[in-house]
Amino acid sequence: MSKGRSRPSGRTTAVGERKTPYNPLAVEPRRYQEWLEGGYFHAPVDPTRRPFCIMMPLPNITGSLHMGHALNHTIQDLLTRWRRMQGYNAMWLPGTDHASIATHVVMERELAKEGKTRFDLGREKFLEFAWQWKAKYGDLIYSQIRRMGNSCDWDRVTFTMDPAYYDAVIECFLRLYQKGYIYYGKRMINWCPKDLTSVSDLEVNYQTVQSHLWYVRYPGADGGGGVVIATQRPETILADVAVAVHPDDERYAGLVGRQVIVPIVHRRVPVIADRRVDPAFGTGALKITPGHDPLDHEIGAAHGLPVLVILDERGRMTAETGAYAGMDRFEAREAVARDLEAAGLVERKEPYATNVGLCDRCRTVLEPYITDQWFCRMEALARPAIDVVRQGRVRFHPERWTKVYLDWMEHIHDWNISRRLWFGHRIPVWHCANGHQVAGRQAPVRCPHCGGSDLQQEEQILDTWFSSAAWPFATLGWPKDTPDLRYFYPTSVLVTGRDIIFLWVARMIMFGLEFVGDVPFTDVYINPTVLNIQGRRMSKSLGTGLDPLDYVEQGYGADALRFALTLRCSQGQQDLRFGEKMLEDVRNFNNKLWNAARFVRMHLGDFTPAAGVRPAACSLFDRWIRSRYGRLIGEVTASLEAFDFDKVARALYDFVWSEYCDWYVELAKVDLYRPDLDPVRRLAIQHTLWQVLEGTLRLLHPIIPHITEEIWQALPHQGKSIMIAPWPGLGDAEVDEAAEEGMATITAVVRAIRSMRADLGMAPQTPVAPVLRAGDRTRELLEAHRDYVATLARAPGLAFAGGGVRPRWAVGTVVEGVEVSIEVAEADRARARRRLTAELAAAKAELDRTIRRLQDAAFLSRAPAEVVEEDRRREAVLRDRTHVLAGYLAALD
RNA sequence: GGGCGCUUAGCUCAGAGGAAGAGCGCCUCUCUGACGCAGAGGAGGUCGGAGGUUCAAGUCCUCCAGCGCCCACCA
């Protein structure tokens, strides 16, 4: 709560309403329920209308949603609601992801509390548990999405393990299998010894850790000194099959082709030459362990070396490692190092910073490990997916992500798609006893290759990203040729985070092109990452995670959270720092809007828009605010089209607060509180107040849907809900340059009077008697609007100077060609002098700068004529101002 | 080792070649009949540093520094 002084309680307004701030909690759930009941979220196929479609990036069912989801969903809802109002048949499809490994990790954490693992339950029981989990967290997620006001099509909600979706995923696999893109075999992959599965290269998190480099001597088999190698992983020495050096390394030229002895196991292994060895690293000699290192694996294969394995799937030393059998890999590392030292084979040990790969999900150090794996060839899939982005058929926003995408796609590796997990889409392949594989929807009776009838389905499931790659079309009924698919595909925009451009965006583009023959979406908007106010990543485990719903229920409401996030969602920054202060700002805005609307309603009486408005009855101010509103429509619409969401929010914020409320409403009061107000004038004011507010609500609605609906329903309006009201168009209000110019003069004069009065130490309500002097046309304008200027400036004695009559002492200034002055009492002469002196100094400095420029021949000859002209005008204005200020100052003495 | 982003008022951020902006915070005033979650008026930036291009540079170019992100098999 702010520390503002508390005001007397129980005050009521003229219409008897209690003066309490807008309370979103009383409005939002009720409005959402009405929208649901109105069926506005559902978008059935309708060939007479243009479709607009967004597929929600499916949240994992691992828990509740975080601030990143709140932002991501807000942007999608913003786009959906905007396009719906524009007349598109807008469909936003919600759903959730079974997220195999992520869900496994959280479920197993739960099981671990009872001292159990998934293996204690067994596949079947574990899957039951998974479905219960899904029911619980799926519902939680959907209720959070609803509470934020999101207008998703709930009739189409999809889960990646729904039967139809499951079948579509299997169909994708089978088609790729048919084309020969899928291959199977023993491969070295990233293995998580805790989760007991492979993970793809993209799911490895590299972290720098302090480690050691051991320099270990491998004695020559011939009794010679042999060679010294450097290693961080002494335990893998037991699986060494060679030592490699660079072929051009003269230090070892004599050794290549001879043998050295692997310490501890006393195995004789060859010294080989290979260009992949970096002679500058360590000693230039590399021990080769094909069973436990990717580079060694490659080198070993090239030289036909055997593969030895000394670690099991849990990262423990195997039974064949003698004294080390059963030790954990880290324990074994120390033990082996100790034994090497005892044997006098460690030449030295130095500290070394190295990158270790951690499991993205459980942070366990990953192990390069050889197991039976399924891979998907990517080259043929990637080629068209590169082309469509190059051709602009898929566009990234901000544009810089295009290069990130292309760089990765151009160097794409084959994709390890199998996971040794249970919750997911089981690979539809059967292995026969003779080692053949048969892919299909059902278990084959016998093996087509050998006729064998002993067939077992593959145990592994597909990578969760394999199933989500089909999201844009599997949700629409594919592989069937459905009306939904024909109508909504390709979808319009994908809104997502940069962390899954490779994992998900790239794969959707590849799958879409491969299976449907067209891009899955035409635009990709990469939203910023939400960080906390210190600029740190939000993370539950670090205790820095923020629950968006906490803030909502604390009283800020969903609209405030949506507006706060939108206001800071710019394309310039890749992160968005979120703090509670931002919610206060926007909550205050909502309250301002609410109260402005209350003012309008108070004065609308029995006004109906049908009465129309006569242009002749419109004041300068009516024309001005309509002109500003007209510009606003253009700006907001253009910014939405350009994905500049912060600009959308800011334009609306500034318009409502700084123009509509601060000026138009205040000016309208001058007339509305006039006892003898002409009914025709009243109608014009009512019409303007209503028209601009009603239209602005429509522009605001995509960002803050609940409050705009609440207000809109209380105003004269057409239609059942603001969410299906038309989007304001450029024809709704005309820009009026003359009105804007006139208004600029009036606001400048009002501000000048307020400023001078404040500088003279007069309270805002103290009446003053300013004297204005201006050229004929401006004077005419000001005289015509003197009541308004006088009221806003609290200057009942406003006068116009005819000749050179000036009070004895006065403070004055010139704004917009108008000389404004206020008489000064003797006691205030010092204050007046201070103000005039400061303003004069500033004006003089600026005048000098301008004169200097105008004396610069290069400037005069090279700058565009209008720039020079502008400077000449400025010079004249400044000369006038300094002259006037100096006059007032001199008179004070 | 490459690539990308950021560095503007105490804080969070707009601005992308022609006179430094917003919100919050701070200081003065104000119990005005929409709103104190408010109104009025202020103070406060040599726009990270150094060069350069230009008549003119937060704004374009080069280099440097700090912070952050991504990619890469260096034992």
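Labels below follow one simple rule: chain letters A, B, ... track the order of the sequence lines, proteins then strands, and each chain is numbered from 1.
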Pair [X], [Y]: side-chain N/O donor-acceptor within cut-off below 3.5 Å:
X	Y	value
A/Tyr653	A/Asp585	no
A/Thr813	A/Arg835	no
A/Tyr788	A/Asp671	yes

Using a heavy-atom cut-off of under 4.0 Å over every strand shown, decide if [X] touches base, sugar-phosphate, or nothing.
X	value
A/Thr529	nothing
A/Lys581	sugar-phosphate
A/Ala863	base
A/Trp214	nothing

Report task. Report yes or no: is the cationic atom of A/Lys669 (NZ for Lys, CZ for Arg) closer than 6.0 Å to the six-membered ring centre of A/Phe599, at no more than 45° off its axis? Result -> yes

Report task. Flag this pair as yes if the NZ/CZ of A/Arg348 is under 6.0 angstrom from the six-membered ring centre of A/Tyr215 and inside a 45 degree cone about the axis; otherwise no. Result -> yes

Report summary line: A/Phe589 CZ to B/A22 P, in whole Å, measures 17 Å

Query - Which residues share a salt bridge (Lys or Arg N to Asp or Glu O under 4.0 Å) with A/Asp274, sequence neighbours left out - result: A/Arg276

Query raised in the report: Based on Watson-Crick and G-U pairs with both distances under 3.5 Å, what dot-bracket line describes RNA chain B 5' to 3', crossing pairs as [ ] and inter-strand pairs as |?
Result: ((((((((.[[[[.)..(..]]]].(((((.......))))).....[[[[[..)....]]]]])))))))....

Query - Salt bridge present between A/Asp575 and A/Arg498 (N-O < 4.0 angstrom) - result: yes

Query raised in the report: Between A/Arg674 and A/Asp787, is there a side-chain N and carboxylate O pair less than 4.0 Å apart?
Result: yes

Requested in this report: Starting at the 5' end of nucleotides 67-75 of chain B, put B wherever the base has a protein heavy atom under 4.0 Å, S where only the sugar-phosphate does, and a dash everywhere else.
Outcome: -BS-SBBBB

